[in-house]
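Heads up: the structure comes next, in structure tokens.
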Amino acid sequence: MAKFRIKNIVAAKGMTLKSLAEKMGITPQTLGNIVNEKGNPNISTLERIAKVLEVPVSSLFTDYLEPNSAIIICPQCGARIDIQTGSPI
């Protein structure tokens with residue numbers, strides 16, 4: 001089974017797993033089983049998670065660089081890292 005990054009994304013979005021479960025209309029226990037990889041969610045469930053989190057489904061499995069921004073979500077802690085760019089000297 002693939003390792004999910006749901007906890008990291010939820011933390012980066014300033015949400016809780018409970019609030020994600022509520023927005024999806026599932027129990028926190030069901031979401032907990034998915035997050036802790038005790039179940040094998042179907043693609044429609046993964047699509048619902050991604051939709052609520054406003055990320056592509058692929059980001060639930062891999063590192064995610066937000067489109068059109070300079071923010072990276074840390075794969076270890078879920079922190080948002082702002083990349084500051086400047087002009088060369």
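Scope of the values below: all heavy atoms of this structure, side chains included, with no hydrogens, waters or symmetry mates.
Side-chain atoms of Phe4 and Glu37, non-hydrogen and from C-beta on, do get closer than 4.5 Å to each other. Using a 4.5 Å heavy-atom cutoff, the side chains of Ser59 and Ile9 are in contact.
When the side-chain contact (heavy atoms from CB on, under 4.5 Å) test is applied to Thr45, the partners found at least two apart in sequence or on another chain are Met24, Ile34, Pro41, Asn42, Ile49. Evaluation of the side-chain contact (heavy atoms from CB on, under 4.5 Å) rule for Lys51 yields no partner, not counting sequence neighbours. Remark: Asn33 pairs with Lys38 by the side-chain contact (heavy atoms from CB on, under 4.5 Å) rule, at least two apart or across chains. Ala11 is linked by a side-chain contact (heavy atoms from CB on, under 4.5 Å) to nothing, counting only residues two or more places apart in sequence or in another chain.
If you take OG on Ser58 and CG on Leu46, they are separated by 11.5 Å, rounding to the nearest 0.5 Å. For the atom pair CG of Leu20 and CG of Leu31, the computed distance is 5.0 Å after rounding to the nearest 0.5 Å.
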### Task
Verify side chain to side chain contact (heavy atoms under 4.5 Å, CB included) between Arg48 and Ile26, making sure each step is shown before the conclusion.
CA-CA 11 Å; Arg48 286 175 43 213; Ile26 62 174; 3.4 Å; yes
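Judged by distance alone, the side chain of Glu47 and the main-chain N or O of Val57 form no donor-acceptor pair under 3.5 Å. The closest donor-acceptor contact from the side chain of Lys13 to the backbone of Leu53 lies under 3.5 Å.
Across Pro56 and Ala50, no two heavy atoms sit closer than the pair C-CB, 4.0 Å.
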